[in-house]
Amino acid sequence: MLRIVFMGSDAIAVPMLDALAADPRATLAGVFTQPDRPAGRGQKTVFGPIRKWAEDRKVPVFQPDRLGVAELAQLRSLNPDLALVMAYGHILRPDFIGAPRLGTVNLHASLLPKLRGASPIQTAIATGEPTTGVALMRIVPELDAGPVAAIGTVPIGLLDTAIEVEARLAVACAPLVVGHLTALGSGELKFAEQDRARATFCRRLEKADGQLDFSVPAATLAARINGLYPWPGCVIPLAGQSVKLGLADVAPDRSDAPAAPGAVFGVDAEGLLVATGRGVLRLRRLQRPGGRMLSAADFLRGFPIADGTIVGSAPMAPLVATEPFPRRRP
């Protein structure tokens, strides 16, 4: 039986952990996850999803703030054959990577070598990719640069946000790991080096990434709105309020569309219509401060927007680069 230590903090890993827990070839020897943190308006400290999963199944849980000598000793004390990492939030030093007998593998939510880095799910949607996926790879000291054994792909629909795509990726993780468990345990799984010339990089998202520039094409704006929902969320100044956007797409071109980018010019059956640098943007879901995310029809009943209203624009920072983004200070 393969003794596995899991290191991760995001609910995306739960379906895969369920599959491992049910597989007679493996046992979860322990879980390392981020410390519990305050959340929500009341800032109440709640268990993270991985801690909750592990404690419900009586799997030992470790929640270090940082990984040092004591944490390495804890990892080694579990006598792991393999460490499996996904969305942990800590950078692993070589001594942690090499502690398990068979080393450490990672699940990265992109079609490597595309979108190495901290926000591959959101960035794939926000930049208009038609597909994304999850890669089973070996961890090396360089950012998401390890050799890859297998990739599972999932589609990205025009009305998908990060919520829907992450749910598909979560399901895709389980067969990717369980299907290769025997080869992982025997050390016979083949890993292929990534093509460095094709590598792209994404970064940790910030609130400022929710700004929109209406001089760019409608398709670019719709992808960014959908990819950045729910976090950090795209926000526009509209009729004196900061309105959060939850879903958008490109509406059919209209002969009466105004020339001014950012100009509101009515509604159709699905949303609020806004002119852009090219094409018509349709805002399908909107949210006022302190309110709920609503369909455009419900939102406009309580917050009518006059035709000709101009939505403010702001520069949009790039989300993808061909070199790693500089690390920002906390």
Side-chain angles (χ1 to χ4, degrees), residues 10 12 85-94 97 104-156 158 160-162 165-166 168-169 172 176 191-229 231-234 276-278 313-330:
D10 196 283
I12 191 173
V85 181
M86 187 174 196
Y88 184 24
H90 282 300
I91 296 174
L92 299 182
R93 301 195 316 259
I97 295 170
T104 301
V105 296
N106 180 55
L107 288 166
H108 181 73
S110 83
L111 299 175
L112 289 173
K114 281 186 175 181
L115 299 183
R116 299 176 182 178
S119 60
I121 301 172
Q122 297 90 336
T123 302
I125 306 165
T127 54
E129 294 286 345
T131 58
T132 188
V134 59
L136 178 64
M137 57 179 286
R138 283 211 177 276
I139 289 187
V140 298
E142 187 180 348
L143 178 66
D144 298 325
V148 175
I151 286 180
T153 61
V154 303
I156 300 174
L158 291 177
D160 282 337
T161 70
V165 175
E166 182 171 317
R168 286 191 206 114
L169 288 167
L176 201 63
F191 290 80
E193 295 294 333
Q194 296 183 40
D195 182 353
R196 292 174 177 269
R198 295 176 50 239
T200 61
F201 298 85
C202 55
R203 57 176 170 79
R204 191 174 300 279
L205 297 172
E206 301 177 346
K207 273 198 169 185
D209 292 317
Q211 299 177 156
L212 296 176
D213 179 357
F214 283 86
S215 69
V216 305
T220 301
L221 294 168
R224 193 160 180 126
I225 290 165
N226 297 345
L228 271 55
Y229 182 79
W231 170 258
C234 289
T276 72
R278 186 170 72 243
S313 285
M316 301 190 325
L319 301 178
V320 179
T322 55
E323 297 289 339
F325 285 89
R327 289 189 66 187
R328 303 192 181 191
R329 292 182 180 180

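For the numbers below, each heavy atom of this structure counts, side chains included, while hydrogens, waters and symmetry mates do not.
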Check: [Y] and [X] side chains under 4.5 Å, non-hydrogen atoms:
X: Pro120; Y: His108; value: yes
X: Phe201; Y: Asp144; value: no
X: Asp10; Y: Met86; value: no
X: Ile225; Y: Leu212; value: yes
X: Lys207; Y: Trp231; value: yes
X: Thr104; Y: Arg138; value: no
X: Leu319; Y: Leu228; value: yes
X: Leu169; Y: Val165; value: yes

Inter-residue atom distance Leu92.CG - Ile139.CD1, 0.5 Å rounding: 5.0 Å
Looking only at heavy atoms, what is the nearest atom pair of [X] and [Y], with distance?
X: Gly152; Y: Leu111; result: O-CD2, 4.4 Å
X: Asp160; Y: Ile125; result: O-CG2, 3.7 Å
X: Pro113; Y: Arg198; result: CD-NH1, 3.4 Å
X: Ala135; Y: Leu112; result: CB-CD1, 3.8 Å
X: Gln194; Y: Ala145; result: NE2-C, 3.4 Å
X: Leu176; Y: Ala150; result: CD1-CB, 3.7 Å

Side chain to side chain donor-acceptor pair (under 3.5 Å), that's the test. Do Thr127 and Thr123 meet it? Break it down for me. CA-CA 6 Å; Thr127 54; Thr123 302; over 6 Å; no
The test is side-chain contact (heavy atoms from CB on, under 4.5 Å); show your working for Val105 and Met137 and say whether it passes. CA-CA 6 Å; Val105 296; Met137 57 179 286; over 6 Å; no
Backbone N/O of Cys202 and side chain of Ser119: donor-acceptor pair under 3.5 Å: no
When you measure from the side chain of Thr200 to the backbone N and O of Leu115, does any donor-acceptor pair fall under 3.5 Å? yes
Evaluate the side-chain contact (heavy atoms from CB on, under 4.5 Å) criterion for residues Ile12 and Ile121: first the C-alpha distance (whole Å), next the side-chain angles of each, then the deciding distance (0.1 Å), finally the verdict. CA-CA 11 Å; Ile12 191 173; Ile121 301 172; 3.8 Å; yes
In plain terms, say whether Arg203 and Asp209 are close enough for a salt bridge, that is, a side-chain N and a carboxylate O under 4.0 Å apart. yes
Got a salt bridge between Glu323 and Arg116, using NZ or NE/NH1/NH2 to carboxylate O under 4.0 Å? no
Apply the test side-chain contact (heavy atoms from CB on, under 4.5 Å) to residues Val216 and Arg278: give CA-CA distance (whole Å), side-chain angles for both, the deciding distance (0.1 Å), then the verdict. CA-CA 7 Å; Val216 305; Arg278 186 170 72 243; over 6 Å; no
